[in-house]
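Taking it in order: structure first as structure tokens, then the write-up.
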Amino acid sequence: MASVIIPPMPPSARDDALHLYRAFKGFGCDTAAVINILGHRNATQRAAIQKEYHATYSEDLNKRLSSELSGQLKRAVIMWMPDPATRDANIVRHALEGDVDLKASTEIICSRTPSQMRQFKQIYFSSFDVDLEDDLATKLSSGDHKKLLVAYISVPRYEGPEYDQAMVQKDAEALYKAGEKKLGTDEKVFIQIFSERSRAHLVAVGSAYQSLYGHSLEKAVTKETSGYFFLALSTILQCADQPGKYFARVLHKAMKGLGTDDPTLIRVIVTRAEIDMLYIKAEYRNQYGKSLHDAVQSDTSGHYKAFLLSLLGTNP
């Protein structure tokens, strides 16, 4: 469930566009006004505001926001403006350009459901005139990580709760034989099973693996793989079972220790605020004994903090 709080009777898109225009006028930007509007509008409302702003002032709202804002706040607001599928496409495209951000591209691709993947793949092609598969094949270094990502976005997967128990047992045994039972790892088996099976099937494979071999499949993946290949497998496995718990861990890691991993903090909060942030917040409190709201408040500052907190909604 989404965490963003939308006013029960929000202003019209025309009124919001007018107030944003006024926030940009004069010396400096009324950043608090920008946050108060955009931090409390859903994707449909934001699209309507952008359309109205362009029609009224003959100016692209995103370009104006980019010129008025700066730093981490600018990054967060610009990322927030599109709908979720367009945002995913933009993040992956940006992650594949220049200094390739394998962490961001892996997270987006491996954490999305098949239907979400289909949507953002279509938008990726229409926006950038290239298939996502081709872009990954061209821009990623060769190796098992690349093979897994290309396979994962290419293979259609079932989204229902049903699975074949006999196939589950077979897959659990195949993964054991390809990993822990032998010297070295047969990565092809891991790539095939993780890229072709449904989320419900993978969860059942994890349970079967635990029953057969006395420890989790996640532990086996940790032992047998490394680097970004491990990250991709682990993300697929965790998001098949409990995506809320997975993202709570990612957020905690981003704020743990000295300094904050702002790109990761922004990416997760912005991309999940309209999807399942309420579940992530509950998991964060369960795992770490404090609210995500309080953690963000203590690890960020200024208008950047205010905007992230607006996306998180109320502090339970």
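What you see is a predicted model; the values in this text were computed from it and never measured. The first residue of the sequence shown is numbered 1, and numbering continues consecutively from there.
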Note to self: Donor-acceptor check, side chain of Ser234 to backbone of Phe230, threshold 3.5 angstrom: yes or no?
What the structure shows: no
Next item on the list: Applying salt bridge (Lys or Arg N to Asp or Glu O under 4.0 Å) between Glu159 and each of Arg118, Arg197, Arg199, report the one that passes.
Entry: Arg118
Notebook entry, point to check: Under 3.5 Å, is there a donor-acceptor pair between the side chain of Arg41 and the main chain of Arg46?
Noted result: no
Next item on the list: Using modelled atom types only, decide if a donor and an acceptor are shared between the side chain of Lys146 and the backbone of Ala137 within a distance under 3.5 Å.
Entry: yes
Margin query: Taking the side chain as everything from C-beta on, heavy atoms only, tell me whether Leu73 gets closer than 4.5 Å to Ile35.
Written below: yes
Check: Which heavy-atom pair separates Ala295 from Ser298 by the least distance, and what is that distance?
Finding: O-OG, 3.0 Å
Note to self: Check whether Asp60 reaches the backbone of Lys63 with its side chain - one donor and one acceptor, N or O, closer than 3.5 Å.
What the structure shows: yes
Check: Ion pair present between Arg93 and Asp135, side-chain N to carboxylate O less than 4.0 angstrom?
Finding: yes
Next item on the list: Give a yes or no answer on whether the side chain of Arg87 reaches the backbone of Met81 with a donor-acceptor pair at less than 3.5 Å.
Entry: no
Check: Taking Gln119 for the side chain and Gln116 for the main chain, is one N or O donor matched with an acceptor at less than 3.5 Å?
Finding: no
Notebook entry, point to check: Just how far is it from atom CG of Leu233 to atom CD of Glu224, taken to the nearest 0.5 Å?
Noted result: 11.0 Å
Check: Looking at Glu68 and Arg64, does any basic side-chain N land under 4.0 Å from a carboxylate oxygen?
Finding: yes
Next item on the list: Nearest 0.5 Å please: distance from the CD atom of Glu187 over to the CZ atom of Phe194.
Entry: 12.5 Å
Note to self: Nearest 0.5 Å, please: how far is NZ in Lys139 from OG in Ser105?
What the structure shows: 11.0 Å
Notebook entry, point to check: Going hydrophobic residue to hydrophobic residue with side-chain gaps under 4.5 angstrom, can you get from Met1 over to Ile280?
Noted result: no
Next item on the list: Mind checking the CG-CD spacing from Leu18 to Glu52? Nearest 0.5 Å is all I need.
Entry: 10.0 Å
Notebook entry, point to check: Hey, mind stepping through Lys177 and Asp186 against salt bridge (charged side-chain N to carboxylate O under 4.0 Å, His left out) and telling me if it holds?
Noted result: CA-CA 8 Å; Lys177 291 175 183 176; Asp186 186 348; over 6 Å; no
Check: Judged by modelled atom types alone, do Gln50 and Asn62 share a side-chain donor-acceptor pair under 3.5 Å?
Finding: yes
Check: Quick one: does Arg112's side chain have a donor or acceptor within less than 3.5 Å of a partner on Met117's backbone?
Finding: no
Checklist line | Same apolar cluster (I L V M F W Y, side chains within < 4.5 Å links), Tyr53/Ile78 | finding: yes
Check: At what distance, to the nearest 0.5 angstrom, does CG of Asp262 lie from CE of Met255?
Finding: 10.5 Å
Check: Between the main-chain N or O of Ala85 and the side-chain N or O of Asp83, is there a donor-acceptor pair closer than 3.5 Å?
Finding: yes
Check: For Asp15, does its backbone N or O pair with a side-chain atom of His19 as donor and acceptor, under 3.5 Å?
Finding: yes
Next item on the list: Given side-chain contact (heavy atoms from CB on, under 4.5 Å), test Glu133 with Phe125 step by step and report yes or no.
Entry: CA-CA 10 Å; Glu133 293 95 325; Phe125 180 78; over 6 Å; no
Checklist line | N-O pairing of Glu283 and Arg249 below 4.0 Å | finding: no
Check: How long is the span from the OG1 atom in Thr300 to the CZ atom in Phe307, to the nearest 0.5 Å?
Finding: 12.5 Å
Notebook entry, point to check: What do you reckon, is NE2 of His215 surrounded by more than 12 foreign heavy atoms closer than 6.0 Å?
Noted result: yes
Next item on the list: Check whether any side-chain N or O of Gln210 sits under 3.5 Å from a backbone N or O of Ser216 as a donor-acceptor pair, and report yes or no.
Entry: yes
Note to self: Tell me the closest heavy-atom pair linking Lys281 and Leu312, and the distance in Å.
What the structure shows: NZ-O, 2.6 Å
Next item on the list: Any chance you could lay out the side-chain contact (heavy atoms from CB on, under 4.5 Å) test for Ile191 and Tyr152, step after step, and finish with the verdict?
Entry: CA-CA 8 Å; Ile191 291 170; Tyr152 197 71; over 6 Å; no
